[in-house]
Number of protein chains: 2
Amino acid sequence: MRKKSVPTLEDVALEANVSTATVSRCLNTPDRVVEGTRLRVLDVVQKIGYSPNFGARALAAKRTNTIGAIIPTMENAIFARGIQAFQEELRELGVTLLVASSSYQEDIEAEQIRTLTARGADGLLLIGHHRNKEIYSFLERQGVPVLIAWVYDPNEPTISIGFDNRQAMKDLALEVIALGHKEIGLISAEQKGNDRARYRITGVHDAMQENGIAPSSLRLIETRYNIESGATAFAEIMNSHDRPTVVMCGNDVLAVGALRQAKKMGFRVPQDISITGFDDIELASVADPALTTVHVPHREMGRTAARMLVAMVNESKQFKSTQLMTHICIRESLSEPPLHPNAST
Amino acid sequence: MRKKSVPTLEDVALEANVSTATVSRCLNTPDRVVEGTRLRVLDVVQKIGYSPNFGARALAAKRTNTIGAIIPTMENAIFARGIQAFQEELRELGVTLLVASSSYQEDIEAEQIRTLTARGADGLLLIGHHRNKEIYSFLERQGVPVLIAWVYDPNEPTISIGFDNRQAMKDLALEVIALGHKEIGLISAEQKGNDRARYRITGVHDAMQENGIAPSSLRLIETRYNIESGATAFAEIMNSHDRPTVVMCGNDVLAVGALRQAKKMGFRVPQDISITGFDDIELASVADPALTTVHVPHREMGRTAARMLVAMVNESKQFKSTQLMTHICIRESLSEPPLHPNAST
DNA sequence: TCCAAAAATGTAAGCGCTTGCATTTTATAG
DNA sequence: CTATAAAATGCAAGCGCTTACATTTTTGGA
């Protein structure tokens with residue numbers, strides 16, 4: 001029976017007849033070891049299947065080559081593409097990514113932040129600015145650089161990479177209004193702890209204001225982020241006595257839910273009711289009718305975020321927030337309002 | 001200026017006037033410390049914002065309360081729901097989840113396995129049985145229990161939790177054939193290194209065989225896992241001289257791509273061509289027409305996997321593979337074959 | 001009040017690795 | 001061939017934590 005315990009640096013050293021220091025150097029700074037020795041050592045490493053203990057390494061070297069990311073959810077595609085790109089780029093930079101998800105809950109996020117930090121993440125990617133002050137000071141105390149993604153807000157103290165949610169949604173709302181819509185419904189994710197949602201709502205308000213439509217006339221429903229909730233919210237809006245002519249949605253997932261519910265309730269989209277989304281995830285173009293939405297450059301955001309964060313870890317100079325541009329993606333689900341709004345159903 | 005360095009156990013001990021052992025116990029086995037002391041210590045912990053160093057802890061305790069999972073991709077929803085459930089359950093068990101994705105590449109997966117192991121994952125969740133022998137022996141040497149998910153195959157030496165991909169696909173194919181289809185197309189993920197794909201193909205073969213249809217008549221295309229590829233493959237199949245009357249797809253993502261392409265090419269689904277999927281992810285019910293597919297109990301699989309794996313880590317007794325049942329989910333995209341197959345387009 | 005057993009706490013030895021510094025070996029030049 | 005600088009390697013001190021074992025304190029019965 002093979003010796004059960006996992007081989008350590010020392011085992012390699014003994015077997016290769018060198019000191020542990022040399023083995024360590026073979027692994028970390030190979031050019032500081034003469035070729036013969038190096039080959040011999042690496043051979044032994046192979047042979048006995050040595051694999052360095054990460055904890056010990058982190059402890060001794062105070063560096064882990066690891067970056068953590070905490071996203072609100074893995075369950076829908078909103079963050080998936082961006083994170084995937086983030087991970088790919090990190091890999092190329094020789095950095096490992098640890099992902100955790102918080103289920104949109106602040107306390108869970110805080111816990112995950114502690115976990116990842118304790119695990120020695122050299123840097124952290126977080127979504128959105130909104131979170132407890134204490135967390136920021138904790139992070140600062142730990143000396144862990146943080147990059148905020150999916151938002152661009154140069155006024156926040158923490159560096160961010162992303163887009164202007166408020167402006168993007170405003171642009172879309174302007175488009176909607178330009179088509180003649182005055183009665184607007186909005187299905188949003190819950191604002192609490194979610195600044196993206198908040199910014200987007202404000203964007204709609206802005207556009208209404210600018211066109212002399214009272215922002216208070218907005219039919220706003222806040223709900224959880226999934227298709228079902230989108231459907232329910234849509235039903236609620238459409239069953240009220242003053243139906244809007246367009247239902248804008250805080251993201252594509254909600255919009256797809258709305259779309260489905262519209263179909264179920266017998267509304268034709270966009271003839272009877274227009275629906276818009278946000279994010280331009282795959283779902284948006286697959287839906288029928290295809291969703292008019294705001295295109296977000298997820299992959300670009302992920303890759304850039306990776307490079308920025310790694311730079312932040314390595315260099316201590318001051319970085320600045322980066323803005324990415326979104327654009328409106330006109331597809332089929334948005335048109336002029338019907339002439340006789342309540343004709344159908 | 002505050003002292004820059006991160007507080008350690010010793011700092012807490014000094015401040016609270018106890019030994020480091022006591023502080024450690026307050027954190028790990030609070031009932032072994034008298035209340036007064038415990039409160040005082042925890043107070044100090046709070047005050048100076050102490051957070052234990054994971055590496056040191058893992059090093060000393062030889063246990064990390066962490067489980068790793070490596071999935072082929074985060075980019076589409078196939079694994080998302082299962083992993084989300086897995087994570088939720090782990091959380092309840094007080095275990096942290098580390099997720100990595102391999103982009104369907106064996107070498108990347110091997111690397112991630114090493115990484116997660118080195119990081120001290122107490123156990124590992126992997127998808128599918130197929131991988132290099134060496135990896136299994138490496139894992140065994142490291143003493144890291146492994147659970148394979150998304151597959152059930154009691155003949156494999158490694159414990160698995162999942163469903164019988166072959167049988168499930170066979171059942172669906174039987175259904176398809178029962179409707180009268182004889183000309184069958186199949187869009188599959190690449191078989192290489194993907195036993196789920198392989199099992200599913202075999203399942204279709206089985207059903208054909210059983211009905212006296214030559215398995216060799218199957219129009220099979222292997223492609224990458226995304227909507228676009230599904231669309232391309234569908235076009236290829238339908239542009240060939242002997243079109244099938246039904247295109248089965250290895251998963252819903254491919255099926256949605258096929259659906260989209262069908263629409264684009266002017267085929268009515270299911271009147272002109274039937275399409276089926278596999279997995280029953282959200283996309284399937286949202287698509288138009290809604291996809292006939294195989295429902296996989298993702299959440300149940302995730303939760304059960306979590307409990308099993310944690311048990312495997314804690315108890316060393318022998319575990320056995322668990323099978324979950326799938327069922328066919330009949331929706332709109334499948335019907336009888338058209339009377340005059342090549343009437344349209 | 002005293003004593004043994006139980007409970008609480010302290011002491012200190014590692015866990016496996018990196019790295020500054022000391023020592024040995026090799027290369028270079030005179 | 002020798003002296004010296006440079007390269008390679010070894011030595012050993014931690015990194016921050018857990019835990020077996022030792023010591024001190026508390027508890028409770030006689």
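From a predicted model like this one, the values you see are computed outputs, not experimental measurements. Each chain gets a letter, A, B and so on, in the order the sequences are listed, and its residues count up from 1.
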Rounding to 0.5 Å, atoms CG (Leu324(A)) and CD (Glu300(A)) come to a distance of 5.0 Å
Rounded to the nearest 0.5 Å, the CD atom of Glu106(B) sits from the CD1 atom of Ile113(B) at a distance of 9.5 Å
Would you call Glu89(A)-Arg307(A) a salt bridge at under 4.0 Å N-O?
yes
Lys317(B) bridged to Glu315(B) by N-O distance under 4.0 Å
yes
Under 4.0 Å, counting only non-hydrogen atoms across every strand here, what does Ser24(B) touch: a base, just sugar-phosphate, or nothing?
base
Tell me what Tyr50(B) touches on the nucleic acid: a base, only sugar-phosphate, or nothing, going by heavy atoms under 4.0 Å.
sugar-phosphate
Across all chains, not counting sequence neighbours, the side-chain contact (heavy atoms from CB on, under 4.5 Å) partners of Ser24(A) are Leu9(A), Asn28(A)
Ala85(B): what forms a side-chain contact (heavy atoms from CB on, under 4.5 Å) with it, not counting sequence neighbours?
Arg299(B), Arg303(B)
Side chains of [X] and [Y], donor plus acceptor under 3.5 Å:
X	Y	answer
Glu109(A)	Gln105(A)	no
Asp153(A)	Ser160(A)	no
Gln87(A)	Ser101(B)	yes

Summarise how protein sits on nucleotides 6-12 of chain C as a single string, 5' to 3': B when a protein heavy atom is under 4.0 Å from the base, S for sugar-phosphate-only contact, - for no contact.
--SBBB-
What orientation do Tyr104(B) and Tyr225(B) show, parallel under 30°, tilted 30 to 60°, or perpendicular over 60°?
perpendicular
Which pair of non-hydrogen atoms, one from [X] and one from [Y], has the smallest distance, and what is that distance?
X	Y	answer
Gln112(B)	Ala100(B)	OE1-CB, 3.4 Å
Thr158(A)	Ser321(A)	O-OG, 4.2 Å
Thr322(B)	Met308(B)	OG1-SD, 3.4 Å

Report the distance from atom CD of Glu10(A) to atom P of dC17(C), rounded to the nearest whole Å.
9 Å
Compute the angle between the rotation axes at the two ends of the helix from dT1(C)-dA30(D) to dG30(C)-dC1(D), each taken over five pairs, rounded to 10 degrees.
30°
Taking any atom closer than 4.0 angstrom to a non-hydrogen atom of chain A, what span of DNA chain D does the protein reach, first nucleotide to last?
dA8(D) to dG16(D)
Tabulate protein N/O versus nucleotide N/O from nucleotides 22-28 of chain C, keeping only pairs under 3.5 Å, one per line.
none

